S.K.: 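Pasting a structure below so you can have a look.
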Amino acid sequence: MSEPAEDERTAAAAEPAAHGVTSDELMEVNAARALAGSRTCFVGIGLPSTAANLARATHEPDLVLIYESGTIGSRPTRLPLSIGDGELAETADAVVTVPEMFNYWLQGGRIDVGFLGAAQVDRFANVNTTVVSRGAGRPEARLPGAGGAPEIAANCRKVLLVLRHSRRGFVPALDFVTTMGHGSGPGDRAKYGMRGEGPAAVITDLGILRPDPATAELVLTETHPGVTVEQVRDATGWDLRVAPSVTTTAPPTEHELAALRALKAAGRKGRETS
Amino acid sequence: MSEPAEDERTAAAAEPAAHGVTSDELMEVNAARALAGSRTCFVGIGLPSTAANLARATHEPDLVLIYESGTIGSRPTRLPLSIGDGELAETADAVVTVPEMFNYWLQGGRIDVGFLGAAQVDRFANVNTTVVSRGAGRPEARLPGAGGAPEIAANCRKVLLVLRHSRRGFVPALDFVTTMGHGSGPGDRAKYGMRGEGPAAVITDLGILRPDPATAELVLTETHPGVTVEQVRDATGWDLRVAPSVTTTAPPTEHELAALRALKAAGRKGRETS
Amino acid sequence: MAGVRSLHDAVADLVHDGDTVALEGFTHLIPFAAAHEIIRQGITDLTLARMTPDVIYDQLIGAGLVRKLIFSWGGNPGVGSLHRFRDAVENGWPRPLELDEHSHAGMANRYVAGASGLPFATLRGYRGSDLATRTDTVSTVTCPFTGEELAAVRALTPDVAIVHAQRADRAGNVQMWGLTGVQKEAVLASKRALVTVEEVVDALEPRPGAVVLPHWVLDAVSVVPGGAHPSYATGYSERDNAFYRAWDAIARDREAFTAWLDTEVKAAGATGTAEVSR
Amino acid sequence: MAGVRSLHDAVADLVHDGDTVALEGFTHLIPFAAAHEIIRQGITDLTLARMTPDVIYDQLIGAGLVRKLIFSWGGNPGVGSLHRFRDAVENGWPRPLELDEHSHAGMANRYVAGASGLPFATLRGYRGSDLATRTDTVSTVTCPFTGEELAAVRALTPDVAIVHAQRADRAGNVQMWGLTGVQKEAVLASKRALVTVEEVVDALEPRPGAVVLPHWVLDAVSVVPGGAHPSYATGYSERDNAFYRAWDAIARDREAFTAWLDTEVKAAGATGTAEVSR
């Protein structure tokens with residue numbers, strides 16, 4: 001369920017966007033904002049963890065962070081490298097076993113938001129983190145696999161996805177459906193007996209896509225400052241639908257940006273010294 | 001699974017047997033001896049708990065006592081009144097939840113002996129602790145119910161039963177089968193997919209019955225000192241089979257008797273002061 | 001989201017006539033004070049669920065508030081029968097009592113299924129027993145891999161769970177330790193949950209064997225020191241075994257029981273002195 | 001019955017060619033030293049089970065000892081791919097690797113079923129996912145009460161479980177705390193179990209969050225201080241994140257990996273200095 005190569009990609013994507021803000025920072029700030037009003041979040045490692053911790057550091061100080069390693073209510077002071085960093089347990093309200101986490105807490109339907117990364121997403125916000133085809137005669141490229149994602153997406157009240165925008169990531173057809181988002185359209189989640197409403201937003205470094213309530217197909221609803229609709233359509237592997245009025249996301253506030261950069265600096269420092 | 005009225009009955013049955021030893025003490029000492037060679041015992045409250053604690057105090061100091069309240073390796077200094085007395089937890093190697101106890105420890109097939117009491121037993125060592133018929137037109141007499149017994153008897157490697165001998169208790173046909181012992185004879189446990197060998201002995205205040213390996217029917221194999229075979233047959237509600245050579249149980253040693261009386265005195269004292 | 005509330009208000013808000021209520025606690029931490037508040041408020045037609053009914057359910061049953069009991073072992077541990085329970089089952093006094101009777105393993109797994117959001121649980125249980133003939137919440141399921149037939153029990157999802165714990169913090173997070181039985185499962189299986197605690201503290205220092213229930217899975221926390229008596233709260237009190245033994249004589253007689261209920265529960269509550277709550 | 005034994009002897013006795021082995025630990029307490037001993041002894045044709053294969057399985061796979069992997073997430077957490085795992089899957093180097101791939105919820109429940117003596121477990125899982133099309137250990141089961149169809153996963157019952165823990169007492173009882181993941185389930189699901197520990201102490205003082213595994217469910221305990229490195233043991237060490245990042249470059253290249261394995265595992269073991277055991 002995680003972004004496998006967070007560190008490397010962050011470095012690559014660090015070119016400044018508008019106002020000295022990188023496109024990754026726009027993604028992360030908007031991903032954090034998407035948690036407004038949520039009480040509990042099942043947090044994937046990598047970008048989702050950055051977003052959830054930023055939300056805690058800014059507008060949702062009481063957000064309960066839940067990591068699949070068994071921690072409930074973690075309050076890390078730095079971004080964890082792995083989902084089982086010691087600080088996640090030491091600062092938690094409760095630590096439970098992994099089976100208890102998946103059965104009582106996730107499957108029990110108690111968690112507001114499942115926040116996931118993805119390698120490939122399709123127009124119905126289904127996710128592939130398993131294998132990617134490299135064409136005829138070549139072996140499939142192996143991704144990490146499902147992790148907790150299929151059941152996180154099925155059992156949380158809603159799902160947020162965060163990943164960088166590219167034609168490699170936003171594909172017309174998944175090579176493998178690891179995690180069902182909206183299936184093949186409206187009604188599919190109900191047909192499969194899934195609890196939550198499914199993916200409510202896909203936050204990228206270019207903007208935000210949301211499912212059309214009527215068709216469940218992802219629609220571009222917001223772009224980040226300085227990003228055009230055409231840029232987003234170019235970076236999407238299918239003919240991306242666009243909302244009648246696409247708005248621009250508010251630029252990061254100084255507080256958001258400072259909090260995000262402090263979290264990341266603490267994470268780097270923590271990783272070097274530990 | 002427990003003897004409901006331990007205290008009252010102990011008082012009533014306290015008339016001295018041979019050598020100043022009561023018939024209850026003979027039962028308890030022999031019940032403790034039946035644990036020889038066992039490593040782990042799932043302990044019912046009442047007589048089984050007395051026996052298991054006496055075994056620990058005498059010949060099986062390393063016997064691991066497991067109580068369904070969740071304690072593994074309890075070392076009580078006095079006989080607990082209930083299965084959830086604080087000392088059982090405080091002295092345990094581990095305390096687990098009740099579901100974990102039944103699923104991982106009992107159903108997992110890890111426990112050598114299940115030690116149970118009973119209200120009614122039949123010739124195949126099936127047990128009733130649910131309801132007793134009081135005859136036509138009268139309501140059934142209500143007993144406490146199953147507790148852990150059905151799964152203890154199914155999942156431990158073997159089962160020991162301990163109860164006082166009477167025609168009310170040793171009946172030709174159970175009014176209700178709460179807990180299957182040997183069913184209706186050999187092969188029944190295998191038919192039901194049960195793990196352990198089932199009841200290996202029924203220890204009473206008069207002697208010891210054991211299942212005939214060929215028929216699974218309980219046979220009188222031992223009487224306590226001063227008890228005749230006729231006495232046992234008279235106290236049994238069916239035509240009790242008797243082994244070709246019935247032996248006499250060894251009288252309690254001074255050590256056994258002293259340990260038993262010390263445990264009971266500590267139990268009484270603990271109950272009064274707590 | 002749990003708020004710290006008076007026991008009176010919490011019970012009045014969360015427990016309604018006709019509800020299925022699980023007041024759990026395996027010998028330890030039995031929520032007697034909350035049961036007494038239910039009695040004082042006369043909340044009735046209840047279906048009560050509990051592995052070990054114990055004296056707490058003897059009192060609720062004798063008070064005439066219970067229509068049905070879901071359980072696996074109904075005795076006064078180490079002492080004898082629950083006479084009010086028996087009187088209700090055998091003689092219908094003060095009203096008939098319907099039973100849904102299980103083994104401990106079955107009851108524990110019914111709560112596990114409820115807590116896990118599953119409609120049933122699987123176990124190696126009830127084999128060769130007549131229990132399954134008297135309930136419609138035991139069935140069978142076949143393993144799709146091995147073909148083996150196993151017992152299935154229906155998930156238990158009470159309307160309300162009530163448990164007692166040692167402590168809560170000011171946010172309403174609850175901490176309990178010692179024998180924690182099936183309480184977490186009962187709370188998580190239920191639609192609503194009330195916890196009575198010995199005290200509220202500033203911070204829940206981690207303790208060996210402690211279970212923490214986050215405030216956001218609870219609906220109310222009430223401070224009721226001694227709220228488990230005659231059961232106990234490890235670290236705060238000891239089990240009042242003398243009360244359990246004395247209960248036998250009280251419960252054996254309908255009049256003695258009724259008098260006890262009037263003076264010790266109904267009158268005590270009216271003056272507000274029996275349990276300090278805030 | 002666990003005895004305290006040298007890691008060499010414990011591994012030699014308990015782990016055999018062709019076994020299914022679960023070396024568990026969710027980021028925390030990963031039993032690296034035991035894995036290195038398996039590599040030194042060249043125990044091969046293994047089926048490895050683990051929720052999060054991590055660098056430990058990258059090493060075993062790269063060493064050519066693994067025939068099949070049962071898992072749910074195979075990455076280097078926060079860093080990137082497991083290159084030896086990918087090389088085996090994508091290119092069959094040094095040998096082909098068969099996969100039995102699950103979700104975390106499915107894997108956790110496979111261990112739960114194993115620990116519980118059940119042939120399968122039920123969950124709300126795999127719905128709408130292609131995962132079930134590539135494994136024969138996911139199926140469905142129908143609730144006998146509601147008719148709902150749910151996912152069933154086959155019990156996982158490894159031949160051997162190997163875990164790392166903080167401490168053991170002289171009887172071989174083991175105590176671990178911090179993130180304890182799925183280790184208890186893995187140990188109880190397996191036919192044999194080996195635990196490496198940081199130290200042996202006279203008595204296991206109770207600790208918050210501690211899990212105790214009694215000696216009588218274990219087959220051997222070996223004292224291996226630092227035996228989880230580069231993973232960590234809460235209270236004894238911190239996660240060596242630098243090693244995890246450095247692993248990416250080592251594992252990316254077959255020759256670099258082979259050289260690393262020779263010097264850091266095979267040679268180190270030969271001199272007996274890498275892990276102190278007794």
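The model shown is predicted, which means the values in this text are computed figures rather than measured ones. Within every chain, numbering begins at 1; the chains are lettered A, B, ... in the order of the sequence lines, protein sequences first and strands thereafter.
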S.K.: Please determine, among B:Glu90, B:Glu151, B:Glu100, B:Arg134, the option with the most heavy-atom pairs under 4.5 Å with chain C.
M.R.: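 Of B:Glu90, B:Glu151, B:Glu100, B:Arg134, B:Glu151 has the most heavy-atom pairs under 4.5 Å with chain C.
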S.K.: Could you have a look at B:Val127, B:Val177, B:Asn128, B:Thr97 and say which one has the most heavy-atom pairs with chain C under 4.5 angstrom?
M.R.: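 Heavy-atom pair counts peak at B:Val177.
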S.K.: Which region of B:Arg138, side chain (C-beta onward) or backbone (N, CA, C, O), has a non-hydrogen atom less than 4.5 Å from a non-hydrogen atom of chain C, or is it both or neither?
M.R.: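 For B:Arg138, there is no contact with chain C at all, as no heavy atom is under 4.5 Å.
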S.K.: Validate the cation-pi geometry between C:Arg50 and C:Phe71: distance from NZ or CZ to the six-membered ring centre under 6.0 Å, angle to the ring axis within 45°.
M.R.: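 Not satisfied by the 6.0 Å and 45° rule.
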S.K.: May I ask you to say whether B:Arg142 pairs ionically with C:Glu90, meaning some side-chain N is under 4.0 Å from a carboxylate O?
M.R.: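 No salt bridge links B:Arg142 with C:Glu90.
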S.K.: With a 4.5 Å cut-off on heavy-atom pairs, point out which of C:Leu131, C:Thr52, C:Asn91 contacts chain B the most.
M.R.: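 Winner by heavy-atom pair count: C:Leu131.
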S.K.: Where does B:Arg189 contact chain C at under 4.5 Å (heavy atoms): side chain, backbone, both or neither?
M.R.: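 Neither the backbone nor the side chain of B:Arg189 comes within 4.5 Å of chain C.
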S.K.: Among C:Ser231, C:Gly128, C:Ala108, single out the residue with the greatest number of heavy-atom pairs under 4.5 Å to chain B.
M.R.: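 Going by pairs under 4.5 Å, I would pick C:Gly128.
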S.K.: By a 4.5 Å heavy-atom criterion (distance strictly below it), what part of C:Met51 contacts chain B: side chain, backbone, both, or neither?
M.R.: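 Looking at C:Met51, just its side chain touches chain B.
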S.K.: Counting only non-hydrogen atoms closer than 4.5 Å, does B:Val131 touch chain C with its backbone (N, CA, C, O), its side chain (CB onward), both, or neither?
M.R.: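 Only the side chain of B:Val131 comes within 4.5 Å of chain C.
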S.K.: Taking side chain as everything from C-beta outward and backbone as N, CA, C, O, which of these in C:Val182 sits under 4.5 Å from a heavy atom of chain B? Side chain, backbone, both or neither.
M.R.: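 For C:Val182, heavy atoms of backbone and side chain both lie under 4.5 Å from chain B.
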S.K.: Pairing donors with acceptors under 3.5 angstrom, does anything connect the side chains of B:Thr130 and B:Thr178?
M.R.: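 The answer is yes; a qualifying pair exists.
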S.K.: May I ask you to check whether C:His102 and C:Tyr126 place their ring centres under 6.0 Å from each other?
M.R.: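 For C:Tyr126 and C:His102, the ring centres are under 6.0 Å apart.
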S.K.: Counting heavy-atom pairs under 4.5 Å to chain B, which of C:Gly75, C:Ser129, C:Gly178 comes out on top?
M.R.: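 Most heavy-atom pairs within the cutoff with chain B belong to C:Ser129.
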S.K.: Between C:Trp247 and C:Asn76, do the side chains contain an N or O donor and an N or O acceptor separated by less than 3.5 Å?
M.R.: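 Per modelled atom types, C:Trp247 and C:Asn76 side chains form no pair under 3.5 Å.
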S.K.: Does the side chain of C:Arg124 pick up a donor-acceptor pair with the side chain of B:Gln107 at under 3.5 Å?
M.R.: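 Note: C:Arg124 and B:Gln107 side chains miss the donor-acceptor criterion.
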S.K.: For each of B:Pro150, B:Ser49, B:Ser69, tally heavy-atom pairs with chain C at distances under 4.5 Å, and name the one with the top tally.
M.R.: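 Looking at each of B:Pro150, B:Ser49, B:Ser69 in turn, B:Ser69 comes out on top.
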S.K.: Strictly by modelled atom types, are C:Ser72 and C:His104 linked by a side-chain donor-acceptor pair under 3.5 Å?
M.R.: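 Yes - a donor-acceptor pair under 3.5 Å links their side chains.
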S.K.: With only heavy atoms counted, which part of B:Asn103 is less than 4.5 Å from chain C, the side chain, the backbone, both or neither?
M.R.: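 Only the side chain of B:Asn103 comes within 4.5 Å of chain C.
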S.K.: Looking only at heavy atoms and a cut-off of under 4.5 Å, which of B:Gly70, B:Gly193, B:Gly183, B:Ala89 has the most pairs with chain C?
M.R.: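 If we count pairs closer than 4.5 Å to chain C, B:Gly193 comes out on top.
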S.K.: Please determine whether salt bridge (charged side-chain N to carboxylate O under 4.0 Å, His left out) holds for the pair B:Glu25 and B:Arg261, giving the CA-CA distance in whole Å, both sets of side-chain angles, and the decisive distance to 0.1 Å.
M.R.: CA-CA 9 Å; B:Glu25 287 172 334; B:Arg261 290 171 179 175; 2.8 Å; yes
S.K.: Can you confirm whether the side chains of B:Asn126 and B:His182 place a donor and an acceptor under 3.5 Å from each other?
M.R.: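 There is no such pair between these side chains.
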S.K.: Please state whether the side chain, the backbone, both or neither of C:Leu99 comes within less than 4.5 Å of a heavy atom of chain B.
M.R.: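 Just the side chain, heavy atoms under 4.5 Å.
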S.K.: Which one, B:Leu106, B:Asn155, B:Val98, leads in non-hydrogen pairs under 4.5 Å with chain C?
M.R.: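 Option with the greatest count: B:Val98.
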S.K.: What part of C:Ser103 gets closer than 4.5 Å to chain B, counting heavy atoms only: side chain, backbone, both or neither?
M.R.: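 Both backbone and side chain.
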S.K.: Walk me through it: do B:Lys158 and B:Asp112 pass the test salt bridge (charged side-chain N to carboxylate O under 4.0 Å, His left out)?
M.R.: CA-CA 6 Å; B:Lys158 73 176 179 187; B:Asp112 288 345; over 6 Å; no
S.K.: Verify the distance criterion only: is there a donor paired with an acceptor across the side chains of B:Arg110 and B:Thr40 at less than 3.5 Å?
M.R.: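 Note: B:Arg110 and B:Thr40 side chains miss the donor-acceptor criterion.
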S.K.: Who among C:Glu149, C:Gln183, C:Arg86 has the most heavy-atom pairs with chain B under 4.5 Å?
M.R.: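 The candidate making the most pairs under 4.5 Å is C:Arg86.
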S.K.: For C:Tyr111, is it the side chain, the backbone, both, or neither that has a heavy atom closer than 4.5 Å to a heavy atom of chain B?
M.R.: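 No part of C:Tyr111 comes within 4.5 Å of chain B.
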S.K.: Tell me, side chain or backbone of B:Ala141 under 4.5 Å from chain C's heavy atoms, or both, or neither?
M.R.: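 Answer is both: backbone and side chain atoms of B:Ala141 are under 4.5 Å from chain C.
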S.K.: On the ring face of C:Tyr244, is C:Arg239 found with NZ or CZ under 6.0 Å from the centre and within 45° of the axis?
M.R.: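 Yes.
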